[in-house]
Protein chains: 2
Amino acid sequence: MARSNIGIKDVAVAAGVSATTVSHVLNDVTYARISPETRKKVKAAAEQLGYEPNRVAQALRNRRTGVLGLVSEDVATTPHAGRIILGADDAARARGYTLMLINTAATAGAASREGDVEAVLERQVDGILYATMYHRVLDAPANLGKVPTVLVDAVTADGLFPSVVPDEYGGARAAVRALLDAGHTRIGFINNVQDVPSTSERLRGFRDTLTAAGLDAGLAPVEASSSDAAGGYEAAARILRSGHPPSGLFCYNDQMAMGAYRAAAELGLSIPGDLSVVGFDDQELVAGSLFPGLTTVALPHYGMGAWAANHLIDALEGAGDGSSAGAGTTVLECPLVTRASVAAPRNP
Amino acid sequence: MARSNIGIKDVAVAAGVSATTVSHVLNDVTYARISPETRKKVKAAAEQLGYEPNRVAQALRNRRTGVLGLVSEDVATTPHAGRIILGADDAARARGYTLMLINTAATAGAASREGDVEAVLERQVDGILYATMYHRVLDAPANLGKVPTVLVDAVTADGLFPSVVPDEYGGARAAVRALLDAGHTRIGFINNVQDVPSTSERLRGFRDTLTAAGLDAGLAPVEASSSDAAGGYEAAARILRSGHPPSGLFCYNDQMAMGAYRAAAELGLSIPGDLSVVGFDDQELVAGSLFPGLTTVALPHYGMGAWAANHLIDALEGAGDGSSAGAGTTVLECPLVTRASVAAPRNP
DNA sequence: TTGAAAGCGCTAACAA
DNA sequence: TTGTTAGCGCTTTCAA
């Protein structure tokens, strides 16, 4: 079961040197003065025996495991978690770290989530990445912060941890600008009803962009509903059936846009001929499958995962100062992904 | 940085006993005869100091880390990975294990994937879960199997590893049966063009079910295309425009079903009034967002993850025999998820 | 009923 | 230039 029976000692005897020497050459210890021939011998022996370090023993000795605990909420719900995980994994591996994963329930009580954090802490992870599945303010478990911690897609009310979140506002601006650039002057927004940062920020981005373009944001139709296809259908129907319907529609997310597609179809409105639509989230499975393909704004999940891992490792490897080195929130751009749902309005 | 400074020794002095005794009582060592009062003292001290075991030290000593390496292909592509991860995490945690995650690229060469496996092996994982993102036959990295290994959603050509895969055939039967039960007698199938197990098995299930119902499977319309919405649209359009179109349509996956919805809409066919549709995969984001909701067949990703973790742990904890204890492939049911896309045919 | 001592595989002072 | 020695925190003979 124990896989690699051969250890540093075996290499030592094979090379005819001491374990210390083997350790020195294999770790490229700077202060060790070892003759080139000895180095060669050791490396050859190690290679030949197929030596692989036992990271557990190293960890015990060095008091660093090289493992990052990824505590992620609701891993299974969306593909978002996958992107965060992938970004974090890529970044971590590039720097010699590995991820240890624990799923935690967003809806669980503080005690349960504290237990989840404890599970990785026992494993002596060097640091923790705490990820949520949508941008929100997090009620952090009490034991978070016992090791350096970075928040992904979340902030805490007290702002004690460094964190990385999407630029919801900027993303909304990009979406509306795409509509504006295509020539639309009457643009509507269908928003989510939940009280989360993205709801208010996307609305703010929507309004500010219209205002900046010299339009009266107060006149722009805005309807809110649940952030799924049914909600999108309903909100879009309300807007499109109004007296003076918009020619461009910005949707809170791709699911709602999917509902808007249906509402448009029922009203005999073709996309993008009669109605241009922009979504948010870039859920490949949805945005890429709709017809016509949905122009949308991508959430930088991969980038947030990578940023968080890198930032955490920087903190770990930087001066072992207070661990709170560089708290504050970093905001990552949400780029527009152009597909085929935006065109010039029929009657500009 | 090192989080829990207090170790077994601290508890020992606090309780006025030896480290040995502390270890004994905290681990409930059966053969240790320790007085109830001593036990009480030790537990109180541990509790009071907030002692948490250092799993790394335990691992070094016990030669078991209690960590399972999850090597997963293309974690980010679909929500499937999330389900597998969740299932594996739940099962592993219930039995005191933790997951270590490594992403690997399905398209990468054997050498690169071997490196990915090596990364977790160095961490002394007790066993490995190797997961692919769709059911296929896997070209296993050479070092897989150095520790007990279970395959998730994949099999190897040589069948050397225990593995768990979805019952594609049974799922297809359930889908077709749903159509049959609703009264349809003319049923079509739009299939994937790729040569993967699901393509042939779902087709086989489709035909066998028709035959078993006394219909002539040879006459049933079958069209194949790429397994996305565009392919589904195209294949469905071909079938629906044919001389004698079916009243029920089974689709290789939900994406293709989404394309079929569009084809039906263009032909003025309402779902489920004029056409009943069944998908496969149960991609919540798609199946639940379509209108009407898509009746589909769920892939048991959560179950496969859980089964694999449990099976692996069984092997780990069972007699430390050959590790190949119980190779062979386990097949998990694909249940029908009923939404609203199936109804009785208009002209039975 | 309890404790002393050895050692898991590795690294790092310190000696030689 | 290299080797000896002492642990990292824990478990487990073995002895008391």
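All of these numbers come straight from a predicted model, not from anything done at the bench. Below, chains carry the letters A, B, ... as their sequence lines are ordered, and counting in each starts from 1.
- Contact annotation: B/Asn27 side-chain N/O to D/dT11 OP1/OP2 distance is under 4.0 Å.
- Here the P atom of nucleotide C/dG9 and the CG atom of A/Leu26 are 16 Å apart, to the nearest Å.
- Just one residue in the list B/Val150, B/Ile128, B/Thr98, B/Ile313 forms a side-chain contact (heavy atoms from CB on, under 4.5 Å) with B/Leu68, and that residue is B/Ile313.
- Of all nucleotides listed (C/dA12, D/dG3, D/dT13), C/dA12 comes nearest to the side chain of A/Asn62.
- Comparing D/dC10, C/dG3, C/dT1 against the side chain of B/Asn54 picks out D/dC10 as the nearest.
- Between the CZ atom of A/Arg64 and the P atom of C/dC10 there is a distance of 19 Å, rounded to whole Å.
- Contact annotation for B/Thr20: base contact, defined as any heavy-atom pair under 4.0 Å involving a base atom.
- Formation of a donor-acceptor pair under 3.5 Å by the B/Asp158 side chain with backbone atoms of B/Leu160 is found in this model.
- Considering only the side chain of B/Ile8, D/dC10 comes nearest among D/dT2, C/dA4, D/dC10.
- OP1 and OP2 of D/dT12 both lie 4.0 Å or more from every side-chain N or O belonging to B/Ser23.
- Distance, B/Arg33 CZ to D/dC14 C1': 17 Å, rounded to whole Å.
- Separating the CG atom of B/Leu60 from the P atom of D/dG7 is a distance of 17 Å, rounded to the nearest angstrom.
- By the 30° and 60° cut-offs, the orientation of the rings of A/Tyr31 relative to A/His24 is perpendicular.
- Side-chain nitrogen and oxygen atoms of A/Thr38 include none within less than 4.0 Å of the OP1 or OP2 phosphate oxygen of D/dT1.
- A salt bridge is defined here as a Lys NZ or Arg NE, NH1 or NH2 lying under 4.0 Å from an Asp or Glu carboxylate O, and B/Arg93 with A/Asp116 meets this definition.
- At C/dT11, one or more side-chain N or O atoms of A/Gln58 fall inside 4.0 Å of OP1 or OP2 (strictly under the cut-off).
- Within the 4.0 angstrom heavy-atom criterion, no nucleotide atom of any strand lies near A/Val29.
- A cation-pi contact, defined as under 6.0 Å to the ring centre and within 45° of the axis, is absent between B/Arg95 and B/Tyr97.
- For the pair A/Glu52 CD and C/dG9 C1', the computed distance is 14 Å after rounding to whole Å.
- Electrostatic pairing of B/Arg64 and B/Glu317 does not count as a salt bridge here, judged by no charged N lying under 4.0 Å from a carboxylate O.
- Side-chain N/O atoms of A/Arg61 and base N/O atoms of C/dT11 include a donor-acceptor pair closer than 3.5 Å.
- Counting to the nearest Å, the C1' atom of C/dC10 and the CZ atom of A/Arg63 are 14 Å from each other.
- OP1 or OP2 of D/dG3 lies within a sub-4.0 Å distance of a side-chain N or O belonging to A/Thr21.
- The CZ atom of A/Arg123 sits 18 Å away from the P atom of D/dG9 (whole-angstrom rounding).
- Checking the phosphate oxygens (OP1, OP2) of D/dT2, no side-chain nitrogen or oxygen of A/Tyr31 falls inside 4.0 Å.
- Nearer to the 5' terminus of DNA chain C, by closest-nucleotide assignment, is the contact made by B/Arg39 (compared with the other of A/Val56 and B/Arg39).
- Comparing A/Arg55 and B/Val17 along DNA chain C, the residue whose closest nucleotide (by nearest heavy atom) sits nearer the 5' end is B/Val17.
- What separates NE2 of B/His24 from C1' of D/dT12 is a distance of 7 Å, to the nearest Å.
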